[in-house]
Student: 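The following block contains the structure, expressed as structure tokens.
The basis for the numbers below is simple: all heavy atoms, side chains too, and nothing from hydrogens, waters or symmetry mates. Nothing here was measured: the structure is a model prediction, and the numbers come from that model. Atoms within a ligand are numbered from 1 in the order they appear, just like the ligands themselves.
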Amino acid sequence: MRSSRPFVRLNAAITADGKIAPANRVFVPFGSRRDHDLLFRLRAQSDAVMAGARTVDLYPTTLGPGSKKYRILRLRKGLPEYNLRIVVSGSGTLDPKAEIFKKRHSPIILLTSEKIPAKKLKLLRSLADDVGVFGKNELDFPTAMRWLRSKWKIKTLVCEGGGALNDAMLRARVVDEVYLTICPLILGGRAAPTLADGIGFESLAKAARLKLKSFRRIKDELFLVYTPLRG
Ligand SMILES: NC(=O)c1ccc[n+]([C@@H]2O[C@H](COP(=O)([O-])OP(=O)(O)OC[C@H]3O[C@@H](n4cnc5c(N)ncnc54)[C@H](OP(=O)(O)O)[C@@H]3O)[C@@H](O)[C@H]2O)c1
């Protein structure tokens, strides 16, 4: 089953109260240098980096491989110097002026659903290198993942949030590892995004269960790796 889709790692830095950003959703890099390094090391072992529309357009991110050091790591692993980039925007609200479209160092793939208005689809088609339309309302992630594997030969993918996308990926059961950095601060606030927002699991019985694979404490930060349990 898994070999027909990419191996997916989900990576996030969270506060001690599970938030991924303050209530105003302005990106604040609250992780340490170590956490930053982890993000680029995970990118350096992935064919593609994926994020949701808000993560991409609220902050000038390019989802690229980072500095020369990490690009060399990629080349040593036999990967292309620049990773593929995937943006999820089910109804096409992604800002066409987002920074990501200004850096053309590697293909940008847009995943969307049939909910996207025709005009927006046309505009985003002109900006992205490829567009996959999957699902009527919510994006059909299992089908999209299989398409990424067969069409773009993506074997490893790192999903970098935000909360809405993480939730959808976990509910679709297409996540193979969860990398969490628990940072020593509390942001609080009902409106602040958390690791997995969106629709969520409807009951405890249906929740994503995780097995702790490894953990490491460095100063006041905890670096955890979980494996979601199947079935
Ligand atoms: N601490 C961290 O590690 C970290 C990492 C990443 C992001 N962040 C923060 O997280 C915040 C953004 O998170 P967010 O939850 O607001 O947004 P998000 O997940 O980045 O993007 C949400 C958008 O993605 C699309 N999408 C997500 N799930 C979908 C689904 N199931 N079907 C179809 N489309 C789907 C939708 O686009 P359409 O509206 O076009 O349908 C949705 O509006 C920002 O504040 C950012 O700084 C923190």
Student: Could you see which bit of Tyr59 sits under 4.0 Å from ligand 1, with heavy atoms only: side chain, backbone, both or neither?
Tutor: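 For Tyr59, no heavy atom sits under 4.0 Å from ligand 1.
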Student: Tell me whether Leu157 is reachable from Leu139 by hopping between hydrophobic residues (I, L, V, M, F, W, Y) whose side-chain heavy atoms are closer than 4.5 Å.
Tutor: yes
Student: Suppose we measure from atom 17 (O) of ligand 1 to each protein heavy atom; which comes out shortest, and what is that distance?
Tutor: Arg54 CB, 3.3 Å
Student: Output yes when the distance from some N or O of ligand 1 to some N or O of Glu138 is under 3.5 Å, and no in every other case.
Tutor: yes
Student: For atom 39 (O) of ligand 1, what is the closest protein heavy atom, and at what distance to 0.1 Å?
Tutor: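 The closest heavy atom on the protein side is Thr93 OG1, 2.7 Å.
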Student: Write out the residue and atom name of the closest protein heavy atom to atom 16 (O) of ligand 1, then the distance separating them to 0.1 Å.
Tutor: Arg25 NH1, 2.6 Å
Student: Look up atom CG in Leu180 and atom CD in Glu221, then write down how far apart they are to the nearest 0.5 Å.
Tutor: 12.0 Å
Student: Between Ala13 and ligand 1, does any nitrogen or oxygen pair lie at a separation below 3.5 Å?
Tutor: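 It does: an N or O of Ala13 is found under 3.5 Å from an N or O of ligand 1.
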Student: Considering Ala53, Ala168, Ser89, which one's heavy-atom position lies nearest to atom 23 (C) of ligand 1?
Tutor: Ala53
Student: N/O to N/O below 3.5 Å, does that happen between Phe30 and ligand 1?
Tutor: no
Student: Does some non-hydrogen atom of the protein lie less than 4.0 angstrom from atom 35 (C) of ligand 1?
Tutor: yes
Student: Taking 4.0 angstrom as the limit and counting only heavy atoms of Gly90, give me the atoms of ligand 1 inside it, by number and element.
Tutor: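 So the answer, numbered in order with elements, is 33 (C), 34 (N), 37 (O), 38 (P), 40 (O), 41 (O).
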Student: Examine Ala12 against ligand 1 and note whether any of their N/O atoms are separated by less than 3.5 Å.
Tutor: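 Among all N and O atoms of Ala12, none is under 3.5 Å from an N or O of ligand 1.
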Student: When you compare ligand 1 with Pro193, is there at least one nitrogen or oxygen pair between them that comes in under 3.5 angstrom?
Tutor: no
Student: What is the closest protein heavy atom to atom 48 (C) of ligand 1, and at what distance does it sit?
Tutor: Ile20 O, 3.2 Å
Student: At less than 4.0 angstrom from any non-hydrogen atom of Phe27, what atoms of ligand 1 do you find?
Tutor: 47 (O)
Student: Closer than 4.0 Å to some heavy atom of Gly92 - which atoms of ligand 1 meet that?
Tutor: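 Every atom of ligand 1 under 4.0 Å from some heavy atom of Gly92: 40 (O).
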Student: Between Thr156 and Arg9, does any side-chain donor sit less than 3.5 Å from a side-chain acceptor?
Tutor: no
Student: Given 3.5 Å as the limit, does a donor-acceptor pair link the side chain of Asn83 with the main chain of Leu63, or not?
Tutor: yes
Student: Does any N or O of ligand 1 fall below 3.5 Å from an N or O anywhere on Leu58, backbone included?
Tutor: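 There is no such contact.
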Student: State whether the side chain of Asp95 and the backbone N or O of Asp57 hold a donor-acceptor pair below 3.5 Å, judged by distance alone.
Tutor: no
Student: Side chain or backbone, does Glu160 bring an N or O within less than 3.5 Å of an N or O on ligand 1?
Tutor: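 By distance alone, the answer is no.
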Student: Can you tell me if Asp35 uses its side chain to pair, donor with acceptor, with the backbone of Ser32 under 3.5 Å?
Tutor: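 No; judged by distance alone, with no hydrogens or angles, the pair does not exist.
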Student: Please say whether Gly163 places an N or O atom under 3.5 Å from an N or O atom belonging to ligand 1.
Tutor: yes
Student: Using 0.5 Å steps for rounding, measure from the NZ atom of Lys103 to the OH atom of Tyr82.
Tutor: 10.5 Å
Student: Measure the distance from atom 18 (P) of ligand 1 to every protein heavy atom, then report the residue, atom name and distance (to 0.1 Å) of the closest one.
Tutor: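 Its nearest protein heavy-atom neighbour is Gly162 N, 3.6 Å.
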Student: Considering only protein heavy atoms, which is closest to atom 32 (N) of ligand 1, and at what distance to one decimal place?
Tutor: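 For atom 32 (N) of ligand 1, the nearest protein heavy atom is Leu139 N, 3.2 Å.
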Student: Check each atom of ligand 1 against the heavy atoms of Phe141 and keep those under 4.0 Å away; list them by number with element.
Tutor: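 That gives atoms 30 (C), 31 (N) of ligand 1.
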Student: Would you say ligand 1 has an N or O under 3.5 Å from any N or O of Leu94?
Tutor: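 Among all N and O atoms of Leu94, none is under 3.5 Å from an N or O of ligand 1.
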Student: Looking only at distances, please establish whether an N/O atom of ligand 1 is found under 3.5 Å from an N/O atom of Ser91.
Tutor: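 It does: an N or O of Ser91 is found under 3.5 Å from an N or O of ligand 1.
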Student: Should Asp176 and Arg5 count as an ion pair when the cut-off is N to O under 4.0 Å?
Tutor: yes
Student: Distance-only, no hydrogens or angles: does the Arg104 side chain make a donor-acceptor pair with backbone N or O of Phe101 under 3.5 Å?
Tutor: yes
Student: I need the nearest protein heavy-atom contact for atom 12 (C) of ligand 1: residue, atom name and distance, please.
Tutor: Thr55 OG1, 3.6 Å
Student: Are the side chain of Asn137 and the backbone of Lys115 linked by a donor-acceptor contact shorter than 3.5 Å?
Tutor: no
Student: What part of Ala21, side chain, backbone, both or neither, has a heavy atom within less than 4.0 angstrom of ligand 1?
Tutor: side chain
Student: Using the test side chain to side chain contact (heavy atoms under 4.5 Å, CB included), find all partners of Pro107 that sit at least two apart in sequence or belong to another chain.
Tutor: Leu84, Asp129, Trp152
Student: Is Asp197 in contact with ligand 1, taking contact as a heavy-atom separation below 4.0 Å?
Tutor: no
Student: What protein heavy atom is closest to atom 26 (N) of ligand 1, reported as residue, atom name and distance in Å?
Tutor: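 That would be Val88 CG1, 3.8 Å.
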Student: Of all the heavy-atom pairs spanning Val56 and Thr61, show the shortest one and how long it is.
Tutor: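 So the two residues come closest at CA-CG2, 3.8 Å.
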Student: Checking side-chain polar atoms at under 3.5 Å, does Arg34 have a donor or acceptor matched by the opposite partner on Thr181?
Tutor: no
Student: Please check if the number of heavy atoms outside Lys68 that lie under 6.0 Å from its NZ is greater than 12.
Tutor: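 No - once you tally the heavy atoms of other residues, nucleotides and ligands closer than 6.0 Å, there are 12 at most.
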Student: So does Ile199 get a backbone contact from the side chain of Asp167, meaning a donor-acceptor N/O pair under 3.5 Å?
Tutor: yes
Student: By number and element, which atoms of ligand 1 are closer than 4.0 Å to a non-hydrogen atom of Gly52?
Tutor: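 Ligand 1 atoms under the 4.0 Å threshold to Gly52: 18 (P), 20 (O), 21 (O), 24 (O).
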Student: For the backbone of Leu229 and the side chain of Arg209, can you confirm whether one donor and one acceptor N or O come within less than 3.5 Å of each other?
Tutor: no
